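Let me begin by presenting the structure, written as structure tokens, before commenting on it.
Just so we're clear, the structure is a prediction, and the values are computed from it rather than from any experiment.
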Amino acid sequence: MTSEPSHITSRDNALLKELRKLSHEPGAYRKAGRVWLEGDHLCRAARERGVRAAVAVFTESSWPAARAEWSGAADKTVVIADALMAGISGLESPAPMGFVLDLPSRPSVESHAPSVVLDRLQDAGNVGSILRSAAAFGFRQVIALKGSAALWSPKVLRAGMGAHFGLRLVEGVEIAALDALSVPFVATSSHRGDWLHRAELPYPCAWLMGHEGQGVSAELEARATRHIRIAQPGGEESLNVAAAAAICLHASASQTKS
């Protein structure tokens with residue numbers, strides 16, 4: 001039998017204070033050991049991957065309709081006033097529900113996994129988009145080097161659209177951690193290397209995706225066994241890193257299917 005939800009009416013409640021931090025501070029999840037998912041899409045994506053929430057949070061107005069689908073979806077369910085959710089949310093239009101998850105333990109680097117390495121990527125939207133592409137094209141491991149946007153931050157979670165729950169995510173590591181990878185490294189470049197549409201790509205491999213302005217660092221680039229350029233007949237100097245990642249990962253996936 002599912003227990004009835006708890007009702008919270010005070011904005012000074014300890015859980016709500018925690019949720020405000022998790023929603024607005026990109027790295028707060030690291031100290032808290034918990035992650036805030038806002039909105040039914042992310043919550044459903046987590047549940048479909050077998051992730052059970054520690055706490056499910058619903059607004060008073062949404063709970064009557066949500067009860068049938070979401071009752072029992074978490075270890076604990078709380079219902080709060082709509083205005084309190086608005087005070088938590090990092091969105092212009094606050095979602096009527098969210099999950100609190102225990103932060104997954106950081107896995108070790110899997111040596112043979114098709115991987116994407118993020119080298120100091122700063123933009124949360126780019127990082128989330130790359131996670132989506134990695135999940136879509138079978139690159140099941142993403143390794144974020146120190147200086148990259150926090151992978152479990154609210155903005156990256158929203159941009160990832162649920163991709164987090166199908167990936168092995170290793171973050172905050174030094175370049176030396178890549179020594180554990182036994183797959184070849186492939187670096188994107190705007191000025192040298194083989195043209196992507198003509199290249200025979202190794203698989204599995206690790207694609208190196210660099211900082212939005214500076215590209216892949218010299219130290220990391222030195223580890224690459226291949227350099228790849230994307231043809232741009234329109235004459236642009238370079239592509240957005242998330243767009244480049246999608247093109248490259250799709251090319252890898254296409255070759256493995258051919």
### Task
Check the pair Arg223 / Asp179 against salt bridge (charged side-chain N to carboxylate O under 4.0 Å, His left out), numbers first and verdict last.
CA-CA 10 Å; Arg223 291 174 173 247; Asp179 292 344; 2.8 Å; yes
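- Side-chain N or O atoms of Ser133 include none that pairs as donor or acceptor with a backbone N or O of Leu131 at under 3.5 Å.
- The shortest distance between side-chain heavy atoms of Glu69 and Arg47 falls below 4.5 Å.
- Note that CG of Asp119 is 5.0 Å distant from CG of Leu220, once rounded to the nearest 0.5 Å.
- Ser61 has its side chain within reach of Asp82: a pair of non-hydrogen atoms, C-beta onward, lies under 4.5 Å apart.
- Looking at every heavy atom in both residues, Ala150 comes nearest to Pro26 through CB-O, 3.8 Å.
- The neighbour count for His250 NE2, taken as heavy atoms of other residues, nucleotides or ligands under 6.0 Å away, does not exceed 12.
- Checked by atom type, the side-chain pair Ser89/Glu38 shows a donor-acceptor distance below 3.5 Å.
- Side-chain atoms of Leu101 and Val55, non-hydrogen and from C-beta on, never get closer than 4.5 Å to each other.
- What you find for Pro202 and Pro184 is that their closest heavy atoms are CB-CG, 3.6 Å.
- Among all heavy-atom pairs drawn from Pro204 and Pro114, the shortest one is CB-CG, 3.8 Å.
- Here the CG-OG distance, from Leu22 to Ser153, works out to 11.5 Å after rounding to the nearest 0.5 Å.
- For the pair Asn126 (side chain) and Asn240 (backbone), a donor-acceptor distance under 3.5 Å is absent.
- The two residues Gly210 and Val241 come nearest to each other via the heavy atoms O-CG2, 3.7 Å.
- Residues Leu19 and Val57 meet the side-chain proximity criterion, which asks for heavy atoms closer than 4.5 Å.
- Transitive grouping of hydrophobic side chains (ILVMFWY, heavy atoms separated by less than 4.5 Å) keeps Leu181 and Leu167 in distinct clusters.
- Under a 4.0 Å N-O distance rule, the pair Glu110/Arg168 qualifies as a salt bridge.
- Hydrophobic clustering (ILVMFWY, side-chain heavy atoms < 4.5 Å, transitive): Ile130 and Val173 are in distinct clusters.
- Of the possible donor and acceptor atoms, one in the side chain of Ser182 sits under 3.5 Å from a partner among the backbone N and O of Ser111.
- Grouping the Ile, Leu, Val, Met, Phe, Trp and Tyr side chains by contacts below 4.5 angstrom, directly or via other members, places Val216 apart from Ile230.
- Ala135 approaches Ala163 most closely through the heavy-atom pair CB-CB, 4.0 Å.
- Phe165 and Trp152 have tilted rings, their planes meeting at an angle from 30° to 60° on a 0 to 90° scale.
- In this structure, Arg67 CZ and Ser62 OG are separated by 11.5 Å, a value rounded to the nearest 0.5 Å.
- The shortest side-chain heavy-atom distance between Leu157 and Val35 falls under the 4.5 Å cut-off.
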### Message
If you apply the rule side chain to side chain contact (heavy atoms under 4.5 Å, CB included), what do you find for Leu208 with Glu221, and how did you get there?
### Response
CA-CA 8 Å; Leu208 311 180; Glu221 190 174 13; over 6 Å; no
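- In Arg49, the CZ atom is not crowded: 12 or fewer heavy atoms of neighbouring residues, nucleotides or ligands sit closer than 6.0 Å.
- The residues Arg52 and Asp75 are annotated as salt-bridged, a charged nitrogen and a carboxylate oxygen being separated by less than 4.0 angstrom.
- Note on ring orientation: taking the six-membered ring where Trp is involved, the planes of Phe139 and Tyr203 are perpendicular (angle over 60°, cut-offs 30° and 60°).
- The main-chain N or O of Leu145 is found under 3.5 Å from a side-chain atom of Ser148 such that the two form a donor-acceptor pair.
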### Task
Please lay out, stage by stage, how Leu91 and Ser93 fare under the test side chain to side chain contact (heavy atoms under 4.5 Å, CB included).
CA-CA 5 Å; Leu91 304 176; Ser93 300; 5.7 Å; no
### Message
Between Glu171 and Arg106, is the salt bridge (charged side-chain N to carboxylate O under 4.0 Å, His left out) condition met? List the steps.
### Response
CA-CA 8 Å; Glu171 69 169 338; Arg106 189 173 80 182; over 6 Å; no
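- The pair Arg226-Glu200 does not meet the salt-bridge criterion, since no charged nitrogen lies less than 4.0 angstrom from a carboxylate oxygen.
- Both Leu151 and Leu249 belong to a common hydrophobic cluster when Ile, Leu, Val, Met, Phe, Trp and Tyr are linked at side-chain heavy-atom distances under 4.5 angstrom.
- Residues Cys205 and Thr225 are not in side-chain contact: their nearest non-hydrogen atoms beyond the backbone lie 4.5 Å or more apart.
- In this structure, CH2 in Trp36 is found 7.5 Å from OG in Ser23, a value given to the nearest 0.5 Å.
- Linking ILVMFWY residues whenever their side-chain heavy atoms come closer than 4.5 Å, directly or via other members, leaves Val170 and Val116 in distinct clusters.
- Between Glu25 and Arg30 no salt bridge is recorded (no basic side-chain N to carboxylate O distance below 4.0 Å).
- Here Met161 contributes atom CE and His164 contributes atom NE2; the two are 12.5 Å apart, rounded to the nearest 0.5 Å.
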### Query
Should Cys248 and Met209 be marked as a side chain to side chain contact (heavy atoms under 4.5 Å, CB included) after you check the CA-CA gap, both sets of side-chain angles, and the distance that decides it?
CA-CA 10 Å; Cys248 293; Met209 297 294 162; 4.3 Å; yes
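- Taking the side chain as every heavy atom from C-beta outward, Met85 and Thr59 approach each other to under 4.5 Å.
- Here the side chains of Ile80 and Phe58 are not in contact, with every heavy-atom distance at 4.5 Å or above.
- For the 3.5 Å distance criterion, the side chains of Trp207 and Ser252 qualify, holding a donor opposite an acceptor.
- Judged by distance alone, the side chain of Gln255 and the main-chain N or O of Ala199 form a donor-acceptor pair under 3.5 Å.
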### Query
Under the side chain to side chain contact (heavy atoms under 4.5 Å, CB included) criterion, do Phe99 and Val51 qualify, and how do the steps go?
CA-CA 10 Å; Phe99 275 177; Val51 178; over 6 Å; no
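- Distance check, rounded to the nearest 0.5 Å: CD1 of Ile88 to CZ of Arg20 gives 6.5 Å.
- When all heavy atoms are compared, the tightest approach of Arg11 to Leu84 is CB-CD2, 3.6 Å.
- With respect to the salt-bridge test (charged N to carboxylate O, under 4.0 angstrom), the residues Glu212 and Arg120 do not qualify.
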